[in-house]
Asker: 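What follows is a single structure, and I will ask about it in a moment.
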Amino acid sequence: MVDRPTTDKLVENAYTGTVHQAYQFLQAVEMNRKQPLSDHCIVYLAKYIADAWEPTSDETLLEELVSLMRSLPHRIPASCPGFALLLAIYYVDRLKQLYMNIKGAPKCSLRLILVAYTVSTKYLGNNLKLIMNDRIPSSPPPQPDEPSSTSLGIPKEAIDPASKQQQPIMARMELELLHFLNYNLTVEEPSKLIWWAKAYENGGDNRDIIPHLEQYTSADEGDDEFEFDR
């Protein structure tokens with residue numbers, strides 16, 4: 001009888017990089033040249049996420065989501081923040097492909113983006129470490145900007161993964177996202193995400209949110225409940 005892997009082992013395997021994936025990520029990072037996504041692109045992506053996951057969407061929510069997406073690179077260190085944000089959007093989109101008919105609770109998109117960005121930075125960093133230990137200079141993490149009390153519509157500690165009060169919640173949401181993604185963070189041809197962003201910012205007619213690089217089978221939609229919905 002084969003023992004089923006523990007949750008800790010599944011998480012470890014999910015975040016374990018491969019040399020093949022690392023070089024794919026390196027190609028995307030070099031294409032991106034550490035350039036942030038344009039406001040035009042961020043607004044488009046935020047609207048997609050809100051329309052896909054929120055029961056109702058309005059301008060106030062969209063502004064909060066855009067503000068959060070702009071602030072993430074200043075709050076969570078990443079080897080290439082623009083690419084990490086595209087990866088986060090990609091994982092949220094992958095989740096939607098698996099659970100097409102599910103909508104979340106109000107403002108679930110804020111929590112989805114936050115935890116997906118956390119996951120993407122970890123996976124990106126773990127892969128690049130395999131081939132870049134001697135090429136990436138060490139630098140202190142950027143200091144977070146102080147948002148105004150209304151800039152995000154939610155308390156600072158609610159979007160700060162370093163907050164002691166929020167760490168258990170963040171950890172739970174991270175495990176849940178990994179579970180619903182079947183502990184699979186692999187991205188085939190990630191450079192296509194960069195090409196998509198560049199084409200969109202240059203006025204290209206990209207109807208897809210981002211390239212659907214893989215085919216997914218929709219999961220059973222029985223009584224699944226996301227932490228993001230609570």
Side-chain angles (χ1 to χ4, degrees), residues 15 25 28-29 32-50 52-54 57 60-96 104 107-128 139-167 169-174 176-178 181 185 187 190 193-194 196-197 200-201 209-210 226-228:
Y15 281 127
F25 280 166
V29 167
N32 179 253
R33 299 180 181 178
K34 294 191 175 182
Q35 294 297 311
L37 298 183
S38 69
D39 283 350
H40 177 58
C41 190
I42 287 177
V43 169
Y44 176 82
L45 294 172
K47 187 176 187 304
Y48 167 78
I49 296 301
W53 286 101
E54 295 288 341
S57 181
T60 299
L61 174 64
L62 185 60
E63 290 174 2
E64 293 175 358
L65 190 53
V66 168
S67 185
L68 174 60
M69 290 169 66
R70 287 172 178 160
S71 75
L72 284 173
H74 303 289
R75 294 183 167 278
I76 304 175
S79 301
C80 184
F83 179 52
L85 185 55
L86 283 174
L87 280 178
I89 299 292
Y90 176 75
Y91 290 138
V92 174
D93 186 56
R94 177 189 286 185
L95 186 67
K96 190 62 182 178
K107 295 195 175 183
C108 69
S109 55
L110 295 168
R111 296 181 287 276
L112 270 170
I113 288 296
L114 173 59
V115 71
Y117 188 79
T118 301
V119 167
S120 73
T121 57
K122 287 184 180 182
Y123 186 59
L124 175 60
N126 285 351
N127 275 278
L128 291 181
S139 60
Q143 294 299 312
D145 296 334
E146 291 292 334
S148 67
S149 60
T150 58
S151 62
L152 298 178
I154 49 179
K156 175 187 173 183
E157 60 269 15
I159 63 168
D160 188 354
S163 167
K164 291 182 179 180
Q165 293 179 337
Q166 292 299 314
Q167 284 177 354
I169 298 175
M170 282 294 299
R172 189 162 62 247
M173 291 194 300
E174 182 180 344
E176 195 168 60
L177 179 61
L178 291 172
L181 289 176
L185 300 177
V187 181
L193 300 177
I194 305 298
W196 176 91
Y200 184 80
E201 291 172 0
I209 172 64
I210 52 176
F226 300 146
E227 174 71 30
F228 324 111

Asker: Answer whether the closest heavy-atom distance between the side chains of Met69 and Ile89 falls below 4.5 Å.
Answerer: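 Result yes, sub-4.5 Å side-chain heavy-atom pair found.
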Asker: Quick check: do Leu72 and Thr118 have side-chain heavy atoms less than 4.5 Å from each other?
Answerer: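 Of all side-chain heavy-atom pairs linking Thr118 with Leu72, none is under 4.5 Å.
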Asker: On a heavy-atom basis, which atom in Cys80 and which in Asn32 lie closest, and how many Å separate them?
Answerer: SG-OD1, 2.9 Å
Asker: Do the non-hydrogen side-chain atoms of Tyr91 and Val187 ever get within less than 4.5 Å of each other?
Answerer: yes
Asker: Got a second to check how far Asp93's CG is from Leu193's CG, nearest 0.5 Å?
Answerer: 10.0 Å
Asker: Looking only at heavy atoms, what is the nearest atom pair of Ser79 and Gly125, with distance?
Answerer: OG-CA, 4.5 Å
Asker: Mind checking side chain to side chain contact (heavy atoms under 4.5 Å, CB included) for Ala84 and listing every partner two or more places apart, or none if nothing turns up?
Answerer: Ala78, Tyr117, Ser120, Thr121, Leu124
Asker: Go through it in stages, so that I can follow the logic: the residues are Val29 and Ile194, the test is side chain to side chain contact (heavy atoms under 4.5 Å, CB included), and I'd like the CA-CA distance, side-chain angles, deciding distance and then a yes or no.
Answerer: CA-CA 9 Å; Val29 167; Ile194 305 298; over 6 Å; no
Asker: Working to the nearest 0.5 Å, report the span between CG of Leu68 and CZ of Arg75.
Answerer: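 Rounded to the nearest 0.5 Å, the CG-CZ separation comes to 8.5 Å.
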Asker: Can we say Lys122 and Glu174 salt-bridge, meaning some charged N sits less than 4.0 Å from an Asp/Glu carboxylate O?
Answerer: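 Looking at Lys122 and Glu174, the cut-off is met.
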Asker: Of Leu177, Leu181, Leu114, which is the lone residue that meets side-chain contact (heavy atoms from CB on, under 4.5 Å) with Val119?
Answerer: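 Answer to the side-chain contact (heavy atoms from CB on, under 4.5 Å) test with Val119 among Leu177, Leu181, Leu114: Leu177.
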Asker: Between Leu62 and Val43, what is the shortest heavy-atom contact and its length?
Answerer: CD1-O, 4.4 Å
Asker: Give me the atom names and distance for the closest heavy-atom approach of Ala46 to Leu65.
Answerer: O-CD2, 3.2 Å
Asker: Can a donor-acceptor pair be found, under 3.5 Å and without considering hydrogens, that links the side chain of Glu54 to the backbone of Lys107?
Answerer: yes
Asker: Taking only residues two or more places apart in sequence or in another chain, which ones pass ring pair (Phe, Tyr, Trp, His ring centres under 6.0 Å) with Phe83?
Answerer: Phe25
Asker: Start with the C-alpha distance between Leu85 and Leu45, add both sets of side-chain angles, then the distance that settles side chain to side chain contact (heavy atoms under 4.5 Å, CB included), and finish with yes or no.
Answerer: CA-CA 10 Å; Leu85 185 55; Leu45 294 172; 5.7 Å; no
Asker: For a quick test of reading the model, state the closest non-hydrogen atom pair linking Trp53 to Cys108 and the distance between them.
Answerer: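 Of all heavy-atom pairs spanning Trp53 and Cys108, the closest is O-SG, 3.5 Å.
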Asker: Mark yes or no for whether Asn127, through its side chain, and Tyr123, through its backbone, hold a donor-acceptor pair below 3.5 Å.
Answerer: yes
Asker: What residue pairs, at least two apart or across chains, pass salt bridge (charged side-chain N to carboxylate O under 4.0 Å, His left out) with a residue in residues 76-91?
Answerer: none
Asker: Would you please test Cys41 and Trp196 for side chain to side chain contact (heavy atoms under 4.5 Å, CB included) and show each step?
Answerer: CA-CA 10 Å; Cys41 190; Trp196 176 91; 3.6 Å; yes
Asker: Would you name the heavy atoms of Ile49 and Ser109 that are closest together and state the gap between them?
Answerer: CG2-CB, 3.7 Å
Asker: Answer yes or no: are there more than 12 heavy-atom neighbours, outside Lys47 itself, under 6.0 Å from its atom NZ?
Answerer: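 Count not over threshold, so no.
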